[in-house]
Number of protein chains: 2
Amino acid sequence: MRSKTPRRSAEDGLSMEPAAAGAVAKGLPEATLERLTVYLRVLHVAEGEGKDNLASADFARAAGVNSAILRKDLSLLGGTFGRRGVGYDVRGLAEHLATTLGLRQQWRVAIVGTGNLGRALAGYAGLRNHGFQLAALFDSDPHVVGRVVNSLPVRSADTLEEVIGEHGVNMAIMTIPGPDAQVMCDRLVAAGVRNILNFAPVVLQAPEGVNVRKVDMSRELQILAYYAHQGIGYQDAVPAEDADA
Amino acid sequence: MRSKTPRRSAEDGLSMEPAAAGAVAKGLPEATLERLTVYLRVLHVAEGEGKDNLASADFARAAGVNSAILRKDLSLLGGTFGRRGVGYDVRGLAEHLATTLGLRQQWRVAIVGTGNLGRALAGYAGLRNHGFQLAALFDSDPHVVGRVVNSLPVRSADTLEEVIGEHGVNMAIMTIPGPDAQVMCDRLVAAGVRNILNFAPVVLQAPEGVNVRKVDMSRELQILAYYAHQGIGYQDAVPAEDADA
DNA sequence: CATTGTGAATTGGTTCACAGCT
DNA sequence: AGCTGTGAACCAATTCACAATG
């Protein structure tokens, strides 16, 4: 079904480059997905403020996008949470969105590497608020193993496989140094984990069928440096005021 | 020159949505920039391995992209570091890339918020390896102010403005809770900081001309959940082996 | 009648395929 | 002979603009 569209040009049968890393077989476009997470946050805020209806103009402004794409994104979702002449049903849409994103299912998450970053994530409220249940913490430093972080004991990386099995871990966050990342990734995959969020600054190799995403902090810093350097007015935030017609 | 292409449809003059958040006036495409940071990393590794030449096929494989786009990206850079029949000059290209990204200029970075995440970043070697100099740390918790992190004292957030001036801070990383982020952002901007990397889970409002980027860890987790949930074989990593023709 | 939902138009990014160098 | 550089073709994402509708 999705094994590499054989669009190669005839010869060169052994080239084996990733044809489209970051691509997806079907489903919502990646760009839409990234925005959906923002919409969900905006909806939660609106819900907290007691609003039960949001028109696309306001909604879009709060999310930092324009309203056309917001409407298009939401239309891709299916479901019927917008009412013409009125706006979107906050509660219903939030629920629908969360379900679509897979946040209504329990994810049992292991954090591999309990340095500052790993501990930061372990304590991150956003985790458990969205159906991510912290199931295990690992570290390879014997000085750290056994400590309790966020009411979970840090387990030895040596016991990775068995602990993963014990706790039914189905998602892993890797917050370990770059050089260790590939080995750990291999072990996670061998242990049956098919969803990995990687904070290590390396391009991981993983077999087809394993979902790997990467958060790269120095990438963001470098791109920021580029814009700063160029003196280009990049904006990821919403311009605060725009005094034009 | 770049104040909002007046492409509105005539009426609705006061709508004031962000026309294209994340857009840029000119310069390299965003997608290319993201890859450039990966290329740079690959080049550094190659350099460390003593290679002084890389053909696009190998280069692309290591970076997890296909070779056509790698060549296209590098061609956008200008400069003449590829030699036909041979490959790319590792040293020269790395240098050129770093310069293009603005990494040859000194960035004096303040980290605002010294929780686990802030401390993780403060200790992150990737920072100083790329021209990012840690200039100041801030926190608003009196218990934390005065402590030394990474041989820098944590300063009170009350003194933000003066310390920024003192140290010529020109880039800030915000690792503070969501609710505090907008206020802090405003103060940073008022103090003259025009480049901000935001880790708080909020959409910041900032005036035009201020570069804001966001790293959103729960976004990544949610997108991962989506793919996991859908059972779609998303791949951000390089498929390890591809046994097809 | 304000606001959604969506085809059509546009813009942007990726891949193909090969000419051009070395 | 081998590999880069790039126009052309293709595909994806965004924006426009307006018909549909509660």
**Q** Does A/Ser56 put a side-chain nitrogen or oxygen below 4.0 Å from OP1 or OP2 of C/dT3?
**A**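 No, no such contact exists.
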**Q** Can you tell me if B/Arg187 has over 12 outside heavy atoms packed within less than 6.0 Å of its CZ?
**A**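 Yes, CZ of B/Arg187 has more than 12 neighbouring heavy atoms, counting only those of other groups under 6.0 Å.
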**Q** Quick check for you: to the nearest 0.5 Å, what is the distance between A/Tyr226 atom OH and B/Thr37 atom OG1?
**A**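 Between A/Tyr226 OH and B/Thr37 OG1, I get 13.0 Å after rounding to 0.5 Å.
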**Q** Would one find a side-chain N or O of A/Asn66 under 4.0 angstrom from OP1 or OP2 of D/dT15?
**A**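 Checking A/Asn66 against D/dT15: at least one side-chain N or O falls below 4.0 Å of OP1 or OP2.
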**Q** Rounded to whole angstroms, how far apart are CD on A/Glu34 and P on D/dA13?
**A**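 The distance from CD of A/Glu34 to P of D/dA13 comes to 11 Å, rounded to the nearest Å.
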**Q** Nearest-Å distance, CD (A/Glu30) to P (C/dG13)?
**A**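 Result: 15 Å.
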**Q** Would you mind reading off the distance between A/Leu76 atom CG and D/dT14 atom C1', rounded to a whole angstrom?
**A**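 It is 12 Å, rounded to the nearest whole Å.
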**Q** Indicate whether OP1 or OP2 belonging to C/dG5 is found under 4.0 Å from a side-chain N or O atom of A/Tyr88.
**A**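 Yes.
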**Q** Return the nearest nucleotide to the side chain of A/Lys72; candidates are D/dT14, C/dT3, C/dG7.
**A**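 Looking only at side-chain atoms, A/Lys72 lies closest to C/dG7.
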**Q** Nearest to the A/Arg84 side chain among C/dT15, C/dG5, C/dT6, which nucleotide is it?
**A**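 When the side chain of A/Arg84 is considered, C/dG5 is the closest of C/dT15, C/dG5, C/dT6.
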**Q** Roughly how many Å is it from CD1 in B/Ile69 to C1' in C/dG12, rounded to a whole number?
**A**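 From B/Ile69 CD1 to C/dG12 C1': 11 Å.
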**Q** Tell me: CG of A/Leu54 to C1' of C/dT3, nearest whole Å?
**A**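 Atom CG in A/Leu54 sits about 13 Å away from atom C1' in C/dT3.
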**Q** By the 4.0 Å heavy-atom rule, please label B/Arg83 as base, sugar-phosphate, or nothing.
**A**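 It contacts sugar-phosphate atoms only.
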**Q** Please tell me which of B/Ser75 and A/Gly85 maps to the more 5' nucleotide of DNA chain D, matching each residue to the nucleotide holding its nearest heavy atom.
**A**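 The answer here is B/Ser75.
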**Q** When the distance from CG of A/Asp58 to P of C/dA2 is rounded to whole Å, what number comes out?
**A**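 After rounding, the gap between these two atoms is 15 Å.
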**Q** How long is the line joining CG of A/Asp89 and P of D/dG22, in whole Å?
**A**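 Interatomic distance, CG of A/Asp89 to P of D/dG22: 16 Å.
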**Q** From B/Arg91 CZ over to B/His44 NE2, what is the distance, rounded to the nearest 0.5 angstrom?
**A**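 If I round to the nearest 0.5 Å, the distance is 10.0 Å.
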**Q** Looking only at the side chain of B/Ala55 (C-beta and beyond, no hydrogens), which of the listed nucleotides D/dC3, C/dC16, C/dT14 gets closest?
**A**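 Among the listed nucleotides, the one closest to the side chain of B/Ala55 is D/dC3.
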**Q** I need the CZ-C1' distance between B/Phe81 and D/dT4, as an integer number of Å.
**A**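 My rounded result for the distance is 15 Å.
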**Q** Looking only at non-hydrogen atoms, find the nearest pair between B/Phe199 and B/Ile173 and report the distance.
**A**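 What the structure gives for the nearest pair is CE1-CG2, 3.6 Å.
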**Q** Which residue, A/Arg71 or B/Pro29, contacts DNA chain C at a nucleotide closer to its 5' end, judged by nearest heavy atom?
**A**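 This one resolves to A/Arg71.
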**Q** Under 30°, 30 to 60°, or over 60°: which ring-plane class applies to B/Tyr88 and B/Phe59, parallel, tilted or perpendicular?
**A**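 Answer is perpendicular, since the angle exceeds 60°.
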